[in-house]
Amino acid sequence: MKIEITEKKENLLQERTEIRFTVDHTGESTPTRKAMIDAIAKMTNAVKDTVVINNVDTQYGRGISKGYVKIYKSEEAARKFEREYLLKRNGILKEEKKEGQ
């Protein structure tokens, strides 16, 4: 898996950096969200709990995916600005199990 940042923009009002990226995973399956978060956090020297992947679109049959990620200045900023389902999907909020499950 090779990740390339194609666009980077600072959003000072919402305390984040917005990044568009391309993942080359030719010959492999689409990488997991966690694997992409780990790689992007390492590339940008960010804390994993501040990285929120908004979407990843895989091009059918090509082994290339394009995505959009937001890296917040702090975990508190991520919790303030992001929707709850995205925080859960990215592992920042832990899902609570309902009784009987």
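Numbers here simply count residues along the sequence, with the first being 1. Below, all heavy atoms of this structure are taken into account, side chains as well, without hydrogens, waters or symmetry copies.
Under the side chain to side chain contact (heavy atoms under 4.5 Å, CB included) rule, Asn54 has a single partner from Arg89, Arg83, Glu18, which is Arg83.
Considering every non-hydrogen atom in both Pro31 and Val23, the closest pair reads CG-CG1, 3.8 Å. For Ala35 against Met1, the heavy-atom pair with the smallest separation is O-CE, 3.8 Å. Closest non-hydrogen pair, Asp49 versus Gly91, comes out as OD1-O, 4.4 Å. Nearest approach of Ala78 to Leu87, heavy atoms of both residues: O-CD2, 3.8 Å.
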Under the salt bridge (Lys or Arg N to Asp or Glu O under 4.0 Å) criterion, do Glu76 and Lys80 qualify, and how do the steps go?
CA-CA 6 Å; Glu76 292 76 30; Lys80 178 179 173 184; over 6 Å; no
Please test Ile64 against His25 for side chain to side chain contact (heavy atoms under 4.5 Å, CB included), starting from the C-alpha separation and ending with a verdict.
CA-CA 6 Å; Ile64 294 177; His25 51 90; 5.7 Å; no
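The CG atom of Asn45 sits 13.5 Å away from atom CD1 of Ile40, with the distance rounded to the nearest 0.5 Å. Separating the NZ atom in Lys66 from the CG atom in Asn55 is a distance of 12.0 Å, to the nearest 0.5 Å. With rounding to the nearest 0.5 angstrom, the CG atom of Asp24 is 9.0 Å from the OG atom of Ser65. In this structure, Arg16 CZ and Lys73 NZ are separated by 11.5 Å, a value rounded to the nearest 0.5 Å.
With contacts defined as side-chain heavy-atom distances shorter than 4.5 Å, the pair Glu15/Phe81 qualifies. In this structure the side chain of Leu93 reaches within 4.5 angstrom of the side chain of Glu84, judged on heavy atoms. Between Met36 and Val69, every side-chain heavy-atom pair lies at or beyond the 4.5 Å cut-off.
The side chain to side chain donor-acceptor pair (under 3.5 Å) test applied to Gln59 returns Arg62, not counting sequence neighbours. Lys8 pairs by the side chain to side chain contact (heavy atoms under 4.5 Å, CB included) definition with Ile5, Thr17, Ile19, not counting sequence neighbours.
Comment: Lys42 does not engage Asp38 in a salt bridge, judged by the lack of any side-chain N to carboxylate O separation of less than 4.0 angstrom.
A side-chain donor from one of Tyr72 and Glu82 sits under 3.5 Å from a side-chain acceptor of the other.
Remark: the backbone N or O of Ile53 is paired with a side-chain donor or acceptor of Asn90 at under 3.5 angstrom. Although no hydrogens or angles enter the test, the distance criterion places no donor-acceptor pair under 3.5 Å between the side chain of Thr50 and the main chain of Ile71.
Val51 and Ile3 fall within a single hydrophobic cluster, where Ile, Leu, Val, Met, Phe, Trp and Tyr are joined by side-chain heavy atoms under 4.5 Å apart, directly or via other members.
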